[in-house]
Structures are given as C-alpha cells and as structure tokens.
Amino acid sequence: MSKQERTAITPTRDQDYPEWYQQVVRAAELAESSPVRGCMVIKPWGYAIWENIQRELDDMFKATGHKNAYFPLFIPISYLEKEAAHVDGFAKECAVVTHHRLEMGEGGKLVPAGELDEPLIVRPTSETIIGETFAKWIQSYRDLPLLINQWANVVRWEMRTRLFLRTTEFLWQEGHTAHATEEEAVEETLKMLDVYADFAENWMAVPVIKGEKTEGERFPGAVNTYCIEAMMQDKKALQAGTSHFLGQNFSKASNIDFLDESGERTLAWTTSWGVSTRLIGGLVMTHADDDGMVIPPKIAPSHLVILPILRKDADEEAILNYCRDIKQEIESKTYHGRRIWVEIDNRDIRGGEKMWSWIKKGIPTWIEVGPRDMESGSVFFGRRDLGPKGRKGISRQEFIDGFIDTLDAIQDSILERARDFRESNTVTIDSKEEFYDFFTPKNPDQPEIHGGFVMAHYSGEPELEEKIQSELKVTVRCIPQTDSPEPGTCIFTGKPSKQRVVFAKSY
C-alpha cells in the first residue's frame, strides 16, 4: 500500500468489513471483550456516548409523560410460562439461576448449593414481571394511562457475539405502558416509534425507515411490532429500535384489569418499546471511516480537543494559557441546550500521534496551537468529517465565534452523507429473478459487502419469508409507513400486494 493510501484503521471497510468494525471499536476506545464470554467492558469514551444517548432520550420520554422506575433483575420462571408465545420466543436465550449460594467442594472448588424452590430467569426483557406489578398498581380507569420507563441491563444467551451489536449482556431502556382503550395504546406505540426516529435522525445523524414488522419478525406475544431500520455501510440493515402494541395478551396473562367508567371490569391495553447499546454499534457502522470513529456532535463525549504544540525554545506556559482561554470561551457556550466539553491534550507524546489518537476516537473538531499561532492570534483547525487533509489556519476569534455553526455543519454533513449512501443503495425491483440476482454476491471473497435495500411487492405469507431467508439470508425489514401505499403484485407469488416492503440482509 502506498503512502498516499495509508489509513489509520486496517483492514479497511472494503478489505474486511467485519474486522474493520472490530478495529474501529478498539481504536476509538469504545469497548473491549470481558473475561466473561459474550460480554463486554464499555470503556469511558464509549460509555460517555451511551450517557448522552440516555440523557437525550430520557428528556424525550419525560416530555411525553413517562416516569422512570426500576424492576427486579430476576424473574420467576412461572411468570414467563403465563404467556406462551413470549416464553417460546425467549426460551433458548434465557440464563437461569437455580441455586442461591456456594459451598466449598472437593479439591477446594466452589460448587452451587441451596437449590431454589423455583428457578429464576435473568431478565431477557421485563414484560412479565412488570405486568405482575401493573396488576397491583392498576385498579380503576383513574389509574390510567400508566406510563413507565426503565433503564437497565438484560441478558440474552447469544451464541455468536459482536461488541455492541450482539452481546450476552447489554444495556437498554424498556418502556412499558397500560391504557384504558385500544386506540390509546396504539397511539402510544406509534408515538414512541416517532420519538426513536426523531432521535436517530436528529441526534445520531442516522436516517431511518419507520414501519411495521411482518408476522414472522414480530416480538413474541405482541399484536403488532413497529421498528426503525437503518442502513449500515456494508448495505445491511440494522434494527435500531422497536415499539410493540401488545393488545391485551399480557394483561390476560398477568390479570391487569380495572373498573372502567361504567363500573365494569375490563383488561388494560399495553405497550412496550426499547433501544439499547446496539445504537453505538449502529453509529460505528453508519459514520466511521477508514481512519476511525466519526461521532455526531450532538452526542459526542467532547466537542473539541486543543493540541498545544510545546517546544523547548518556546514559552510553554504562555501557550497553555492561550489554550486554556480558548477552552473557557468555548465552554461558556451551549449547544442545543447541552454543555460543550473541551479537552486540552498536553501529553508528552509526538504531535502527529496525539492528533491521530483523537481522529480515531471521532472527536468532531480539533485545533493545534503553537508559538506562531499564539503570536498571530490564530489556530490550526480540523473537522473530523473532512479528515486531516481539511485542516486550515483560522483566526482565533473567527473560530470561537463560528464554533456552534461549525458543530451544526458537521452534524448536517454526516447525516446527509448517510442519507445519500442509503438512497444510492436502495432499488425498486419488480421480478423474482432480478431480486435473486441482486442479493446473490458477485464476489465470493467479499460476500458481506453486498446488497442494499430492495423495495418490492410481497403478499405476506410467513412460509415465503422463511424460504427467502433460508436461500438468501434476506428478510422483510419492515412494511414502511406511508400515506399513499402503492398496490401491486407480489413478485414471488403473483398475488395482490397492498404496498412495497423493505427487503435486506441484516444484523
């Protein structure tokens, strides 16, 4: 590879996309594998991104009337057994606690002792135990709607794991609500889907398609599942958030009933919805490049790093004071109601190494400040979305005055880039032959970088979707929300189709 082609991350996306992803996560100091198989340690830079995601979403949830609560990590196995579809959907992923203490055994090894009367499930999701609680809290229509959110961890015993995208334990939020009428519950389900889409596009700079899942992709026990789907840079789909209309299924299982206004006992209508640390994996695969992470300013842990260039023949303290003054002026501003964070990196390492460490972490902006910059009242300024070649000299005051506009420009730039990528890799297909040809890799050496989103008519039979998935590893990602559905003919069966759906390979 020539000097001009060198990148900070190897292999590149085109060379080995799965390994590129792992290397970006490592180089950006987002997370690392833990001693426990399938679990991860989220490092401070990665956790700060999650905190910013939490902070903004939490404000959005509370603005729509929801309150935070916390429910137990352990769920009695009998609770899951009450909802047949639910337990069937999660049975293979459950971690089970059967004993409550350890004793010293032969050879000085600890062994489980004190078998539980009833096994406990480490929560894969909390519908059942929250349902039991709701049944106690809800007695009358005056107790409704009940709008609850929980920030927690969950465990799903995954066989194949990848940092952020699929781990045995992950962090998430799960909203759970109960309503007096079906209409209110459906409205809640769609409202929260809109919240997720708003957050994904306007904060994470990730364009998404809102839609409904097919029967085969529906959440276990739900009547309807809605989702937001995003396209990653390998052209696969990532389900970035889901919102479920549960009907009265879980109310029946948990006896969530109430006296309505006419004095009759009736079952509540419930919903659940959630997003997880998978969003950070989505950020990597949507925005990162071959030099590392690219973080949207609205959720960046820090917005600017100042890199003082300290030389023995210069007044080091004067340069550091110049940097501190810039930091103070920038941090006196706010960005979309949030505090601005500025780092000064005066580590005793080479300037190039220092700059590239921040580029790989994806910080939105950086400035280099040396003796000449201080003397001329200027800075040498770089934007992460433009890369190291986009650096330029600029007056200190112009940089400070325009800083907020710069962050907005970066946010808009990376959203537009992601949107353009999705649009250029979305096609409309009207024949089965063309469909199969589109999803059949042309290069056996790189089958993972292939495909895109296909908009095609589909008649909806679950067995047809299973066949397509087994042959091509392609599923219906969603039935898009649209005010003007275009009826047509299914390209597989020739039967009537109400509208086009989104097909893709996915994570």
Side-chain angles (χ1 to χ4, degrees), residues 8 27-30 43-52 55-56 291-411 413-414:
E29 299 183 18
L30 300 177
K43 301 179 79 171
W45 188 252
Y47 196 79
I49 296 174
W50 178 241
E51 286 181 310
N52 288 340
R55 189 175 293 116
E56 185 56 36
D291 286 330
M293 188 63 178
V294 177
I295 306 176
K298 285 187 178 180
I299 58 169
S302 296
H303 301 91
L304 166 69
V305 63
I306 302 173
L307 307 173
I309 301 171
L310 304 176
R311 298 194 178 100
K312 293 180 179 179
D313 60 344
D315 186 341
E316 293 187 3
E317 192 59 31
I319 293 172
L320 287 174
N321 284 335
Y322 185 82
C323 294
R324 293 181 189 117
D325 288 343
I326 295 174
K327 171 182 166 75
Q328 185 175 6
E329 286 194 67
I330 294 292
E331 287 190 336
S332 70
K333 303 173 182 289
T334 58
Y335 182 57
H336 292 275
R338 300 291 190 197
R339 177 177 172 176
I340 291 177
W341 294 93
V342 178
E343 311 272 353
I344 296 178
D345 187 348
N346 60 352
R347 291 175 295 168
D348 187 17
I349 60 175
R350 292 188 305 108
E353 181 182 350
K354 191 183 297 186
M355 182 188 74
W356 277 102
S357 72
W358 288 100
I359 289 175
K360 288 186 284 189
K361 291 177 79 167
I363 197 161
T365 63
W366 72 91
I367 55 173
E368 298 163 79
V369 178
R372 291 181 182 178
D373 302 298
M374 183 180 65
E375 291 169 7
S376 62
S378 63
V379 297
F380 202 56
F381 166 51
R383 281 173 44 165
R384 181 62 184 87
D385 61 320
L386 300 180
K389 293 181 180 179
R391 291 181 294 166
K392 64 179 182 179
I394 185 174
S395 79
R396 163 182 165 164
Q397 201 57 49
E398 183 182 354
F399 171 72
I400 293 170
D401 291 344
F403 189 71
I404 300 300
D405 289 340
T406 297
L407 294 182
D408 277 336
I410 296 170
Q411 184 83 22
S413 165
I414 62 179

Heavy-atom side-chain proximity of Ile404 to Ile340 below 4.5 angstrom: yes
With Asp291 via salt bridge (charged side-chain N to carboxylate O under 4.0 Å, His left out) - residues at least two apart: none
Partner residues of Arg372 under the side chain to side chain donor-acceptor pair (under 3.5 Å) criterion, sequence neighbours left out: none
Glu317/Arg324 salt bridge by N-O under 4.0 Å criterion: yes
Atom pair CD1 (Ile299) and CZ (Arg338), whose distance is rounded to the nearest 0.5 Å: 12.0 Å
Test item: Thr334 side-chain N/O and Gly337 main-chain N/O as donor-acceptor pair under 3.5 Å: no
pair Trp45-Ile295: side-chain heavy atoms closer than 4.5 Å: yes
pair Gln411-Tyr335: side-chain heavy atoms closer than 4.5 Å: yes
Any side-chain heavy-atom pair of Tyr47 and Pro301 under 4.5 Å: no
Heavy-atom pair of closest approach, residues Cys323 and Val369: SG-CB, 3.9 Å
Distance, nearest 0.5 Å, that separates CG of Leu304 from CD1 of Ile326: 8.5 Å
Heavy-atom side-chain proximity of Met355 to Val305 below 4.5 angstrom: no
Spacing of CG belonging to Asp385 relative to CD1 belonging to Ile414, to within rounding of 0.5 Å: 7.0 Å
Taking every non-hydrogen atom, the tightest pair across Lys327 and Ile344: CD-CD1, 3.7 Å
Gap between atom CD of Glu331 and atom CZ of Phe403 - 0.5 Å precision: 9.5 Å
Tyr322 versus Asp373, side-chain donor and acceptor atoms under 3.5 Å: no
In a table with atom names and distances, give each donor-acceptor pair under 3.5 Å that connects a side chain of residues 361-368 to protein atoms at least two apart or in another chain.
{"from": "Thr365", "atom 1": "OG1", "to": "His303", "atom 2": "O", "distance (Å)": "2.7"}
{"from": "Glu368", "atom 1": "OE1", "to": "Arg391", "atom 2": "NH1", "distance (Å)": "3.4"}
{"from": "Glu368", "atom 1": "OE2", "to": "Arg391", "atom 2": "NH1", "distance (Å)": "2.7"}

Set of residues satisfying side chain to side chain donor-acceptor pair (under 3.5 Å) with respect to Ser302, sequence neighbours excluded: Glu343
Minimum side-chain heavy-atom gap Met293-Lys360 below 4.5 Å: no
Gln328 atom CD: more than 12 heavy-atom contacts under 6.0 Å: no
Shortest non-hydrogen contact between Arg383 and Ala409, atoms and distance: NH1-CB, 3.9 Å
Separation of Leu307 CG from Lys354 NZ (nearest 0.5 Å): 6.5 Å
His336/Asp408 under side-chain contact (heavy atoms from CB on, under 4.5 Å): CA gap, chis, key distance, verdict: CA-CA 10 Å; His336 292 275; Asp408 277 336; 2.9 Å; yes
Residue pairs involving residues 368-397 (criterion ring pair (Phe, Tyr, Trp, His ring centres under 6.0 Å); sequence neighbours excluded): Phe381-Phe399
Lys/Arg-Asp/Glu bridge criterion (N-O < 4.0 Å) met for Glu56, Lys298: no
Atom of Arg384, atom of Ile359 and distance for their closest heavy-atom approach: NE-O, 2.8 Å
Validation row: Val342, Ile306 side chains within 4.5 angstrom (heavy atoms): yes
Check: Asn52 side chain, Ala300 main-chain N or O, donor-acceptor pair, under 3.5 Å: yes
4.5 Å side-chain heavy-atom contact, Ile394 and Ser378: no
No-hydrogen, no-angle side-chain donor-acceptor test under 3.5 Å, Arg396 and Ser376: no
Residues forming a ring pair (Phe, Tyr, Trp, His ring centres under 6.0 Å) with Trp341, sequence neighbours excluded: none
Interatomic distance, Thr406 atom OG1 to Glu398 atom CD [nearest 0.5 angstrom]: 9.0 Å
